[in-house]
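What follows is one structure encoded as structure tokens, with my remarks underneath.
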4 protein chains.
Amino acid sequence: MSEEVPLRDQILEISRHLLYEEGYKSLSMRKIAKKADVSATSIYLYFESKDHLLHTLIEESVEDLSRFIESKALPKADSIERFKAITKSYVEFGLQNPEKYEIIYKVRSDSMARYPKEKFRKARRAYELLVKTIEESVDQGLMEVDQPVVAAYSIWAQLHGVVSVVLNKRLDSRIDREQFIEESIEHVVQGFLIRTTVL
Amino acid sequence: MSEEVPLRDQILEISRHLLYEEGYKSLSMRKIAKKADVSATSIYLYFESKDHLLHTLIEESVEDLSRFIESKALPKADSIERFKAITKSYVEFGLQNPEKYEIIYKVRSDSMARYPKEKFRKARRAYELLVKTIEESVDQGLMEVDQPVVAAYSIWAQLHGVVSVVLNKRLDSRIDREQFIEESIEHVVQGFLIRTTVL
Amino acid sequence: MSEEVPLRDQILEISRHLLYEEGYKSLSMRKIAKKADVSATSIYLYFESKDHLLHTLIEESVEDLSRFIESKALPKADSIERFKAITKSYVEFGLQNPEKYEIIYKVRSDSMARYPKEKFRKARRAYELLVKTIEESVDQGLMEVDQPVVAAYSIWAQLHGVVSVVLNKRLDSRIDREQFIEESIEHVVQGFLIRTTVL
Amino acid sequence: MSEEVPLRDQILEISRHLLYEEGYKSLSMRKIAKKADVSATSIYLYFESKDHLLHTLIEESVEDLSRFIESKALPKADSIERFKAITKSYVEFGLQNPEKYEIIYKVRSDSMARYPKEKFRKARRAYELLVKTIEESVDQGLMEVDQPVVAAYSIWAQLHGVVSVVLNKRLDSRIDREQFIEESIEHVVQGFLIRTTVL
DNA sequence: AATGAATGAGTGTTCATTCAT
DNA sequence: TATGAATGAACACTCATTCAT
């Protein structure tokens, strides 16, 4: 009764998994089909083409990421709190949903050329939230930032670097994972706050 | 007379280029061969397999990165200067040698499973240099860092995020590239220096 | 009210069109279904198989051709007039109903092996009329023909050649279409009439 | 020793045969390969694509047809003799080389769109010869023809009709094949000669 | 040092058709 | 009368690799 998972969702789930485990290059319609225990043809009942399937995967992942960040950040009234929530939840999402996170950053670049521009814009909801939050903090004199847009991008990039290193398991064995994450976020964040407390 | 470029090197050069231009998935022995104007079979005279060719490519790129950083950093006697030189040259290398840089980070993850562990260690020369430099700075009371190993990794990751965002041309159009790079490095670096000057 | 076109007829119409526009090879049940805005399965409610559908198409076209020729030729009491009417209407039909004409000659040969013999005979009504008309003309001393059956076939073949060349747009650009048709028919016809007027 | 037939030629031969026997639609690289007892991949060593293979086939057939007609017609000094030789050899070629003849007329129309224009021109060598021959006959007062170009095309078309009917085995069982051919050519030819002898 | 010939496995995709509803 | 779900077979084509020369 409860195992009534629609094939379409199953396909997405399996694709996501295979993509993560074996990489983009080795993802094939047939492999997906075999794992789902259906014929390769059946996939085409739900997705026009491999490209469409991949785009759906990207879209879904981006949407999830955006929603997750919003769910954590929007409730915070205080702009700095919101800022921290964004950075923290971004990393959190990446680490807890490695399959989805990697799709956003790895598949996208390969399948990008054919990815519809309109959907592309949607993808930036969370980023725009970060920009707005920085602007607000600046207005309130809590941050000193030349160009919020640049700062946001820089933060984005740095956080991505952190997540990506952890996910790729390139962590030095001498390093404690949790500590690394904690400290990295802290560093990224602190770099942008005004250090009134220093004195 | 001067155009006597060994085929082996030509193959590596072409592979690097194709890899960057068309992505890992679409790199094929045949395409390499056609570009080099030799038979596909000939590649096998110099490389056991496609995997070996890719590994050579990775190795070479890592070596170049290490050497470049060393050439910029080792001459600096002052540990902070050396620290700055490392971060700056890391980004510089990435932006000036996108083909090599991408091989390190993109191909590696796909081809990783089969990448020999021993070669893997070599790859970290520049990273170890960073660790040592941080330790030195800490000893000299110029940095306040709990675990140099963690800090180094965090820096590494953040810088990678910055380079990767720029290379993937995912820069927001409202953002000036040079400014973004400059500020990002600055932020990463400043986050680790002791702010004696603040007062 | 007036747009109540039975699905069966719609399917035939669409098939005919697709066949003409995109060729036999690319005609598929799915494409037909999509154009008719029904499911592919629905076609099977009216036609046992693709072969049956094609055979229906052939049959229909042959029937139309026969009827058209009969409508033009049968009213003519004079045998020579009837003869001319047959040749003229044959070409006319081909040029005005290219979709149907091509089905008769192009699809048939491909789908032939499986085309039921009995239906095959029906197809020759117009041809038999031509034979009879020639026989009548011979009896009346207006034509000099050894074997009406052979002559009829020869005429048939030549006319087909003419129509087919025009339909395939293989006409030399230096040639006026109408003139070509006119003259070709004239030649075919004149070749069989007794040239009493020559003297 | 003597069975040293190059694979390339074998493939062409087999393709020609399959094309004739089973039609354009059912011709597949796999079937060709199987008949040649090689892997499907091997075909690609000799032909870039299926299209290229088909084009080669067309080209070859057209060339053979042209050469055959030229070999029969060019030696004739007398223009009427040459005219007759052209018509006769055209039909002869079609009947003796049905596989090649059908390729010219059947495959061409399907594969046409992609058939290079330049090669297309070559295809008309024999037709141009017919035009020239008619012009010469007209100049010598042996033929009365308004536009040689139109006449040539008409003849071409009619002959094609004749050959095509015979090849498609659509001949009425009451008809003697040889007689049909003979009489049809005769009719086509006579239609264009000046009937000085009639009186 | 280099190649031409060959291949088995695999790719994304289309097809006619069936079956349960 | 109509359909959605499903499939096995086939398609053109690409791939990394081998082997004899």
Side-chain angles (χ1 to χ4, degrees), chain A residues 6-8 10-11 24-34 36-54, chain B residues 6-8 10-11 24-34 36-54, chain C residues 6-8 10-11 24-34 36-54, chain D residues 6-8 10-11 24-34 36-54:
Chain A
L7 183 48
R8 200 191 110 105
Q10 239 180 288
I11 291 170
Y24 171 55
K25 190 200 169 188
S26 107
L27 180 72
S28 89
M29 298 303 254
R30 279 162 156 85
K31 279 187 197 163
I32 297 169
K34 187 170 277 178
D37 203 33
V38 294
S39 77
T41 318
S42 290
I43 302 179
Y44 288 86
L45 292 173
Y46 303 95
F47 303 94
E48 259 185 46
S49 67
K50 197 186 175 186
D51 256 30
H52 273 78
L53 170 52
L54 286 173
Chain B
L7 182 49
R8 201 190 109 105
Q10 237 181 291
I11 292 170
Y24 172 52
K25 191 194 168 188
S26 107
L27 178 73
S28 86
M29 297 302 254
R30 276 151 85 128
K31 282 187 195 162
I32 297 169
K34 185 172 278 178
D37 205 32
V38 294
S39 81
T41 322
S42 292
I43 302 179
Y44 288 87
L45 293 174
Y46 301 97
F47 304 95
E48 254 184 51
S49 68
K50 197 185 176 188
D51 258 26
H52 273 78
L53 169 53
L54 285 173
Chain C
L7 183 49
R8 201 191 108 105
Q10 238 180 290
I11 292 170
Y24 171 54
K25 191 194 168 188
S26 107
L27 179 72
S28 86
M29 298 302 254
R30 274 151 87 128
K31 281 187 194 161
I32 297 169
K34 184 172 278 178
D37 205 31
V38 294
S39 81
T41 322
S42 292
I43 302 179
Y44 288 87
L45 294 173
Y46 301 96
F47 304 95
E48 253 184 51
S49 67
K50 198 185 174 187
D51 257 26
H52 273 77
L53 170 53
L54 285 173
Chain D
L7 182 49
R8 202 192 108 105
Q10 239 180 289
I11 292 169
Y24 171 55
K25 190 200 169 188
S26 106
L27 179 72
S28 88
M29 298 302 253
R30 279 157 152 85
K31 281 187 194 162
I32 297 168
K34 187 170 278 177
D37 204 34
V38 293
S39 78
T41 318
S42 290
I43 302 179
Y44 289 87
L45 291 174
Y46 302 96
F47 303 94
E48 257 185 47
S49 67
K50 198 185 175 185
D51 257 27
H52 274 78
L53 171 52
L54 286 173

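Letters A, B, ... are given to chains in the order of the sequence lines, protein chains preceding strands, and every chain is numbered from 1.
- Proximity of C:Q10 to C:V38: side-chain heavy atoms (C-beta onward) are nowhere separated by under 4.5 Å.
- For the pair D:L54 and D:Y24, the tightest heavy-atom approach, listed with the atom from each and the gap, is CD1-CE1, 3.5 Å.
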Go ahead and write out DNA chain F as dot-bracket, 5' to 3': ( ) for pairs within the strand, [ ] for ones crossing earlier pairs, | when the partner sits on another strand, dots for unpaired; Watson-Crick or G-U wobble, both distances under 3.5 Å.
.||||||||||||||||||||

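- The interatomic distance linking D:K25 (NZ) with F:dA10 (C1') rounds to 11 Å, in whole Å.
- If you take CG of A:D37 and C1' of F:dT7, they are 13 Å apart, rounded to a whole angstrom.
- A sub-4.0 Å separation between OP1 or OP2 of F:dT3 and a side-chain N or O of C:S39 is present.
- Between the CZ atom of B:R8 and the C1' atom of E:dA2 there is a distance of 17 Å, rounded to whole Å.
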Please produce a list of atom pairs where a protein N or O lies less than 3.5 Å from an N or O of nucleotides 17-21 of chain E.
{"residue": "E:dT17", "atom": "OP2", "partner": "C:Y44", "partner atom": "OH", "Å": "3.0"}
{"residue": "E:dT17", "atom": "OP2", "partner": "C:K50", "partner atom": "N", "Å": "2.9"}
{"residue": "E:dT17", "atom": "O5'", "partner": "C:Y44", "partner atom": "OH", "Å": "3.4"}

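- Every residue two or more places apart in sequence or in another chain that forms a side-chain hydrogen bond (donor to acceptor under 3.5 Å, both in side chains) with B:S39 is listed here: B:S42.
- Residue A:I43 contributes atom CD1, which lies 15 Å from atom P of F:dA5 at whole-angstrom precision.
- Comparing F:dA6, F:dT3, E:dA2 by their nearest atom to the side chain of B:L7 picks out E:dA2.
- Summarising the geometry, the separation between NZ on A:K31 and P on E:dA9 is reported as 15 Å, rounded to the nearest angstrom.
- A residue-by-residue look at A:L27 and C:L27 shows that A:L27 has its nearest nucleotide of DNA chain E further toward the 5' end.
- For B:Y46, no side-chain nitrogen or oxygen approaches OP1 or OP2 of E:dA1 to under 4.0 Å.
- The CD1-C1' distance, from C:I11 to F:dT3, rounds to 13 Å in whole Å.
- Residues passing the side chain to side chain contact (heavy atoms under 4.5 Å, CB included) test with C:K34: none are found, sequence neighbours excluded.
- Here the closest non-hydrogen pair linking D:A33 and D:I43 is N-CD1, 3.8 Å.
- Every residue meeting the side chain to side chain contact (heavy atoms under 4.5 Å, CB included) condition with D:R30, not counting sequence neighbours, appears here in chain and number order: D:S28.
- Atom pair A:K34:NZ and F:dG8:C1' shows a separation of 14 Å (rounding to whole Å applied).
- Side-chain contact between A:M29 and A:L53 is present, with at least one heavy-atom pair separated by less than 4.5 Å.
- Atom-to-atom, CD of C:Q10 to C1' of F:dA2 comes out at 14 Å; the value is rounded to the nearest Å.
- Between A:S28 and the phosphate of E:dG10, there is no side-chain N or O to OP1/OP2 separation shorter than 4.0 Å.
- For C:S49, the side-chain hydrogen bond (donor to acceptor under 3.5 Å, both in side chains) partners are C:H52, not counting sequence neighbours.
- Counting heavy atoms from C-beta outward, A:K25 and B:S26 have side chains that stay 4.5 Å or more apart.
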